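Only one structure is covered here, and it is reproduced in the block below.
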Amino acid sequence: MTNILGISALYHDSAACLIRDGEIVAAAQEERFSRKKHDSRLPRHATDYCLAEAGITARDLDHVVFYDKPLLKFERIVKTHMAYAPRGRKSFAAAGLLWFGGKLQTKEQIRESLDYSGEVLFAEHHEAHAMSAFYPSPFQQAAVLTIDGVGEWATTSLSVGRDNSLEVLKEIKFPHSLGLLYSAFTSFTGFKVNSGEYKMMGLAPYGEPRFVDTILENLIEVREDGSFRLNMEYFDFPVSKRMTSQKFAALFGGPARHPESELTQREMDLSRSMQEVTELVVSRLARYARKITSMKDLCLAGGVALNCVANGKLLREKTFENIWVQPAAGDAGGALGAALGVWHKYLGKPRTAKSGDSMRGSYLGPKFSDDEVSGFLNSRAIKHERLSRHELNERVADLLKDGAVVGWFQGRMEFGPRALGNRTILGDARHPDMQKKMNLKIKFREGFRPFAPAVLAEDVADWFDLEATSPYMLIVAPVAGHRRTKDHVDMTKLFGIDKLNVVRSQIPAVTHVDFSARVQTVHKETNPEFHDLLTVFKKRHGCAVLLNTSFNVRGEPPVCTPQEAFTCFMRTDMDYLVLGSMLLAKSDQAALTHDTDWQKEFALD
Ligand SMILES: [Fe+2]
């Protein structure tokens, strides 16, 4: 038996993944345990969980692998600062402290934190992304594109995967980076880099693409083969925490938007324009990948692969017959890619692609049995009912139909940024005020973003113009024509959120202003509990779609344990909570007070 531990850490979204004889046993992000969003520290808790899930200790590990090469990264930072000197002295001093303070001793740190004395292997960052995209994919051979901010030097790579081999064909190197260009706009539009990219993508449909030419003429030169160069006069990111230069602001008519201040039409137009430029680059890269690899299928990973609008467009362009996106496409997924790489590439073990894929629905985290849940509830005298599966589904389906918001906590936690039905908050997408209720009373977040729909995989074509599956909520597709409602509202007279409040389909809570939706197809094979609930909802109330949003509030990572789920339930206006087979009603609960011991125990703040 060969146990391999993959680790990604020390940049953002650290994670651990355990592979046994080539099978993915467990994978989880550190933030879910430490409760610090995007936690980048060495994933001690996530590693402990992975080892426990496999029933082993660190001494039983045959290989440990890190997802990038810190020395190469350090070399890039030194060389970049030398090229820009004397600019960036401060940022270089700060980086030096970080690197000499620990990052250069990654191997020793890993050994020490694991109490492990064996060898530590290092994969290259984009290679780890590429391996996370290809090895678990359903394809025996495929073209592989990885696009992100930056790894060591590469920011974009094109590879070809055949059986257990993966060969890098082309790379684009720092500072020329589509991910960093996108993040520059994220920062300029007033959102947080490395987490606000999603918000900018959600803002884009409100805008007009009036800056596309400005971007293409000044900021990025995109060639026919999808390769690109940034004009570095407009960017400060190589030697500063600031992403953009004064020249950038001058080009777009003034300074960046202050975080949390009012959004204006300019931010909407900038978002839309950058979205279109992203789609242009991704589309050209894909065409080139098809041409030089002659592969009919494509795998994607890297932070830019989380741009599900671009993925949806790529799918509709039919450059490739099939597209598979690694659900943990960001850096967390590097842990999984690196571990699979040790098995297939380093040890040369054969690989047979599985139908669907090898990710087990990305349900790779901790689970809690009904006995554990009821033990917790009883120990705190928390009122609940234990129901049979059938009863539970019928009750929840009826509650949802009546407008209730229900926390749905089942089975193993998801790996990757999306909630896929195990740590999820559900609502009936048909209610016209559900989007508002979820945003303001449950998630406490900006109101301009619609929610995502989960749909029975077999019913997807009845609700969306989507000819493929989207099990990881990484494809945006239009709501089907016959599900749209004819509205007679003059949209040109409406601004921002008022546009979203116009009911434009039978499922308004998950329909964006351009009729798009970020679809999750729910499959019986990978999530029978969620599939059963949707089936009962459809049978009783005629709709195979539910609104599905991650089980957390703004600024916090999704919940991991039943305790965290209960706390989140009590701190929001959620009406019901389902923990495995238990149903809890808010109206039955005593208010959460600040002096309860157990509340302190679960570190609420
Ligand atoms: Fe990355």
Side-chain angles (χ1 to χ4, degrees), residues 6-17 27 29-31 38-43 46 65-77 80 103 106 122-136 144-159 166 168 170-184 186 192-198 201 228 230 237-238 243 278 281-282 285 299-308 310-311 325-341 415-418 472 474:
I7 290 176
S8 53
L10 307 179
Y11 186 38
H12 50 85
D13 293 323
S14 75
C17 172
Q29 289 136 276
E30 183 69 1
E31 63 163 21
H38 304 299
D39 198 343
S40 64
R41 295 171 291 183
L42 276 179
V65 59
F66 192 68
Y67 85 130
D68 72 9
K69 294 190 170 166
L71 276 177
L72 275 180
K73 216 176 207 175
F74 187 60
E75 177 201 77
R76 188 242 305 157
I77 289 166
T80 306
K103 278 194 179 187
T106 304
F122 290 85
E124 276 191 29
H125 188 102
H126 272 259
E127 189 190 16
H129 275 315
M131 294 187 295
S132 80
F134 176 62
Y135 288 139
V144 184
L145 272 176
T146 64
I147 316 169
D148 71 357
V150 62
E152 296 87 2
W153 281 100
T155 67
T156 301
S157 79
L158 164 60
S159 316
L166 188 63
V168 181
K170 299 267 177 189
E171 277 183 349
I172 299 172
K173 292 190 171 144
F174 184 85
H176 308 294
S177 162
L178 184 61
L180 289 172
L181 177 65
Y182 202 94
S183 293
T186 303
K192 232 190 202 163
V193 170
N194 287 335
S195 66
E197 282 74 7
Y198 244 82
M201 190 181 73
F228 50 81
L230 299 189
F237 63 74
M243 296 294 292
T278 304
V281 176
V282 171
L285 281 169
C299 302
L300 287 170
V304 177
L306 292 171
N307 192 309
C308 34
N311 297 345
V325 189
Q326 160 58 239
D331 283 356
L336 184 142
L340 284 173
F415 181 51
R418 305 274 78 86
Y472 305 119
L474 283 170

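Since the structure is predicted, the reported quantities are computational estimates derived from the model, not experimental observations. Counting starts at 1 for both ligands and their atoms, in listed order.
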Practice task
Could you please compute the angle at the Fe ion (ligand 1) from NE2 of His125 to OD2 of Asp148, rounded to 10°?
Solution key: 90°

Handout entry: Name, closest N/O/S atom of Asp331 to the Fe ion (ligand 1)
Key =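 So the atom name we want here is OD1.
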
Handout entry: Side-chain touch Ser159/His126, heavy atoms, less than 4.5 angstrom
Key = no

Problem - Any side-chain heavy-atom pair of Glu197 and Ser183 under 4.5 Å - result: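 Yes, close enough: below the 4.5 Å cut-off.
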
Problem - Polar contact flag, side-chain donor to acceptor under 3.5 angstrom, Asp331-His129 - result: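 Side-chain D/A pair, Asp331 to His129: present.
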
Handout entry: Metal site the Fe ion (ligand 1): N/O/S of His129 inside 2.8 Å
Key =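 For His129, the answer is yes, given that an N, O or S atom comes within less than 2.8 Å of the Fe ion (ligand 1).
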
Exercise for the section: Using modelled atom types only, decide if a donor and an acceptor are shared between the side chain of Asn311 and the backbone of Ala305 within a distance under 3.5 Å. Expected result: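 Judged by distance alone, yes, a pair lies under 3.5 Å.
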
